[in-house]
Each structure stands twice: as structure tokens, then as C-alpha cells.
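Start at 1 and go down the list; that is how both ligands and their atoms are numbered.
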Amino acid sequence: MSIPAFPANSYDFVKYVPARNYIGGEWRDPSGSEELPIPNSRWGKAISTVRMSTAADVDAAVQAAKVAQRGWREVPLRERAMVMYRARDLMLKHIEELAWLVSHENGKLFSEAKAEVEKGIECVEFGCSLPNLAAGEQLEVSRGVRCELTYEPLGVVAGIVPFNFPFMVPLWMLPQALVGGNAFILKPSERVPLSSLRLVEIFAEAGLPAGVLSLVQGGKEAVEAICDHPDIKAVGFVGSTKVAKLVYGRACSSGKRALCLGGAKNHLVVVPDADVDLTVDNIVASFTGCAGQRCMAASVLLAVGDVDHIVNKVVEKSAALKLGVELPPVTTAAAVDRMASYVNDAEKRGANVRVDGRGKNATEGGFWFGATVIDQVSADMPAGREEIFGPVLSIIRVKNVDEALKIENGNPYGNASSVYTTSGDVAARIMGNAEAGMCGVNVGVPVPREPFGFGGWNDSCFGAGNLTGWDGFRFWTRQRKITTKWQLQKDATWMS
Ligand code: NAD
């Protein structure tokens, strides 16, 4: 083990080791010429660096993975799951260190980072449960003839993940893929490659054989090499819609199984009978948590009828959030500019900026954007239509639930949708008709926690099924159907 524990236990700036590749159980430097800084967004300074990998690095990982997978697939599933138990213990043991690492490289608050690590551990726990779930079916399909179904590994598979959950999103894939008997190549976001260093070390310490889990740092070139490599059998992707579409198309065209989760523009519908305090707390937490950099964050508030008693409180509460304490920085200086440009544009088009996060700073040099609430937005404005991925809430005023649904369903994304109401009828209409894969009633961030599968619809997901839960296990395995006859009776029909 050559990656030291992350040294921070506060937000104070620290330096950390450069990100490296992990191939065949060894740490190696990526072979590309481009090297990028890894910014700590609270201080606007690099805590480390990452060098880009080339197609040759991807191939080296695949060759090591192919060898390792031959042995790993022979290990009984129950024993493979034991690695998850040990990894879970190690994650719990190091939870504070891991949370500080996530917080420093991603920028989110320590409390948010710790919640991320805890959610990652929950995914590992699903991996622990697989021996109790992964029994296939069997039936006597004809006299003396049995048909049995088994879940077999695909071989070498890969996961490409985004910057916003550097510890948890890899764990949306790893437990099912590894317990399923595959060798896995992880390609983290080049903006947050450090949590993955500790993640692979934890799995190695938990007893995962060398080569079964590889780490390939990098960006576009590494991703394209993964999509094109003939010996990678499946690709899981989480990131923006633009890249999800590219990866899905490219991976599928080289014959791979692919499931690519994309971006989001999540709508919350609020009607006049909603519980005021719960609704206000939920809405503010949903659009400002992790600085709005969550694919499940509220982005549009569809205010139905007279809900000013709620909207005014949302405005008040958002304006009072302490930057740097209750609201973390955003990922890069470019993200600050992107968010500001949406607010400027909405203002120019006549929207009312009621809480203005532009130009706010909690530290000199950090990348900050305060909570922002824009009222009187329309669905055709960029702020009402596109993913902003920051702590910005766009309020669209509508007359009734039908109009709310029309606007929500006119948006191409389909990740999350929530309704705030005390009426079962209103809730049923939204839940029954919203074009979204993950829906909530009086829940601001309706993440379907394990064992339920995570995945949206429409432009938020390319490929069939969900990435977590049981669907994840089905995605990373293939089903073998074995038909057996041991009674060699003479009066056999064609069916037997
Ligand atoms: P991104 O699409 O820029 O990057 C995701 C991954 O793709 C990274 O590993 C990156 O290196 C790689 N990549 C980037 N550009 C590429 C290109 N041109 N060709 C090939 N690979 C490329 O996403 P991000 O900015 O890291 O993450 C934020 C996005 O992820 C948001 O849109 C957010 O909604 C989405 N997201 C979605 C989910 C979900 O479950 N649907 C979860 C988390 C994040």
C-alpha cells in the first residue's frame, strides 16, 4: 500500500499525493503528457495533480484485468461477497478521513461528505446481501427435465463517473459488478480522482485479488479507449447528458452493454395545501445541498396557485444561509461564471432575482456562489429549461396541476420529480403522470435508496434499467439457462 491516509481533519488547506493509476495491483503513473491540477474549491488552490491516461494505459488495465478475472470468477459468490463485508468495516473505520478527503477534493461540507460516504457504505451493504438474493430460479419444465438459471460474470467491465460524488457513485457499480464475478476498471472524474485512490486501497486491504479492480485516471481519451476496447464487455456511466449520449452511442456501437445516467432538471410542484414548514425546509435543502451539484437537486419550483406564504419563506430561509458554513463552494471558477450567466440572462428576460448569490465570497480565491432564487421564470428561459447544477432555484408560476405537469413533461430530462401536498389526489396525479424515473411526495431529494434501483428516464438515462440495487446486479451479469435431463427414459417426446 503506497497511498497515505488523507492528512486533514478540518477545512484547512493541505496538499496530498498525485493521483495515479492502479493496474494489476500496482500503482503506476499514467502515460499521457497532460497534467491537471486538482483544485480545492474552498481555497481555489490545487491540492494535488492528475496526469491523463492514454489508450495504452487502458489496454494495460484490461490485460491485467483479464488475467485476474479468470481466477475471480472461480471464487464462489458467497466468498466474493466477503470482500464487501471487510471493505464495509474498513470504510466505517476510516469514515472521518474519507469524509475529509471527499470534502477537500469536491468542496462539499464535511457533513455532506460524511453522508456521501455513509450512502456509499449502504451500497456496499447491498453487495453483502447478494448471496441471499442471487440464487437463480429452477423448474422442472417437462417430466424429468429441469431448467436452471444462473448469473454469470460478463468478464472485464468498466465504470466512468462524475465529479459530484467521488466516493459514492463508484459504489453504485462496484459491489454488484465485483460480487457478480467481473474485473472492474474505474475511471474517476479528472476533477476528483483522489477518493478513488483510497477506495481501491480499501478493496485491496479487504482481500480483493490484484487486477480485479483497476483505476485509470484521465478524461476523454481514456473514456474513448474504454468505449472502443474489444475486451471490455460493459460500461456504466454517470455524468452529464451530453457525454452520457456520446458514451452510450460509442460503447454500444462496439458491441458493449451500456447504461449511461445523464443530467437533470428536477421539478418540485408545490400546491396551496402543502405543509409550510416541511415544504420550505425541504425545498431549501434540496436546491442548496452540496451547492446544488446533485443530479437529484431541485431546480425548478412549479408554484401552483397562491403559494406565496411558502415561496416567501423559501426566499427568507435561502437568503439567510451562511456561505462556507451551511453552503459549500462550487467546483470550479468556470462553474461560478456559468451559474452567473444563467441568472444574468433570466434577469435580462424579465425574471425577478429575489435572492442573489452572484459575487458572494466566503474565502478569497475560493469558488463561491450564494443561494439564488429567481421568481417569475418561464419554461422557455434557459434558467427554466437547462441544467444549471448550482444552488439556483427557478420559480415558475402556474394556475393548476395540469399546467405544472405540462411544463414538467415538456422538459427533456426525466430524473426526479416531487410534489408537496397534503392531498392524496394531487400526489397521485403527479406521481402517476410525471415523466420522471424517481419521484417523491413531500420529499425534496427522492433518491430510491438501496435496495431500490437508481436511474431516471428520458434524457437522464440511456440504456435499460437502473444502476443500483438488483437491476445493477442484472446489468453486470448475464443469465445462463441450463437444461438438464438425468432420467434417460425411452418414451421421451421432443420436449424432453
Ligand atoms: P461530465 O459528463 O462532464 O463527466 C463525467 C465523466 O465523463 C468524467 O469521468 C469525465 O472525465 C468524462 N468526460 C467528460 N467529457 C468527456 C468527453 N467529451 N468524452 C468522454 N468523456 C468525457 O459530468 P460532471 O461534470 O463530472 O458531472 C456532473 C453531471 O453529472 C451533471 O450533469 C449531473 O446531473 C450528472 N450526474 C448524474 C447523475 C445521475 O445519476 N443521473 C449522478 C451524478 C451526476
So do [Y] and [X] actually touch side chain to side chain, heavy atoms under 4.5 Å?
X: K114; Y: E118; answer: yes
X: T288; Y: L321; answer: yes
X: N466; Y: F452; answer: no
X: W368; Y: V330; answer: no
X: E125; Y: E122; answer: yes

Looking at ligand 1, does any of its N/O atoms fall within less than 3.5 Å of an N/O of [X]?
X: G239; value: yes
X: N164; value: no
X: E190; value: yes
X: E224; value: no
X: W172; value: no
X: F389; value: no
X: G263; value: no
X: G262; value: yes
X: K220; value: no

Problem - Under 3.5 Å side-chain donor-acceptor pair for S254 and D228 - result: no

Around [atom], find the nearest protein heavy atom and jot down its residue, atom name and distance.
atom: atom 24 (P) of ligand 1; result: F163 CD2, 3.6 Å
atom: atom 15 (N) of ligand 1; result: V243 CG2, 3.5 Å
atom: atom 32 (O) of ligand 1; result: E387 OE1, 2.7 Å
atom: atom 27 (O) of ligand 1; result: P162 CB, 3.3 Å
atom: atom 8 (C) of ligand 1; result: V161 O, 3.3 Å
atom: atom 12 (C) of ligand 1; result: V223 CG2, 4.1 Å
atom: atom 23 (O) of ligand 1; result: S240 N, 3.4 Å
atom: atom 7 (O) of ligand 1; result: F237 CE1, 3.4 Å

Problem - ligand 1 contact on F165 by region, counting heavy-atom pairs under 4.0 Å - result: neither

Fill in the blank from the handout: The reported gap from CZ in F167 to NZ in K119 (rounded to nearest 0.5 angstrom) is 13.5 Å

Completion exercise
Value for CE (M339) from CZ (F389), rounded to nearest 0.5 Å, stands at 8.5 Å

Problem - K108 to F165 six-membered ring, cation-pi geometry met (6.0 Å, 45°) - result: yes

Handout entry: Candidates F13, Y11, F6 - the one meeting ring-ring contact (aromatic ring centres under 6.0 Å, His included) with H104
Key = F6

Practice task
Take every heavy atom of R294, measure it against each atom of ligand 1, and state whether any distance is under 4.0 Å.
Solution key: no

Exercise for the section: Using the side chain to side chain donor-acceptor pair (under 3.5 Å) rule, collect all pairs that involve residues 259-269, keeping only residues at least two apart or in two chains. Expected result: K265-S299

List ligand 1 atoms under 4.0 Å from [X], heavy atoms only on the residue side.
X: R191; value: 24 (P), 25 (O), 26 (O)
X: K187; value: 8 (C), 9 (O), 10 (C), 11 (O)
X: S189; value: 9 (O)

Handout entry: The one among P193, C295, G456 that brings a heavy atom closest to atom 38 (C) of ligand 1
Key = C295

Practice task
For R338 and I388, indicate whether the former's side chain and the latter's backbone hold a donor-acceptor pair under 3.5 Å.
Solution key: yes

Practice task
Assess whether ring pair (Phe, Tyr, Trp, His ring centres under 6.0 Å) is satisfied between F184 and W476, documenting all intermediate values.
Solution key: CA-CA 10 Å; F184 197 98; W476 298 111; 5.5 Å; yes

Problem - Charged N-O contact under 4.0 Å between D380 and R385 - result: no

Practice task
Give a yes or no on whether atom 4 (O) of ligand 1 lies under 4.0 Å from any heavy atom of the protein.
Solution key: no

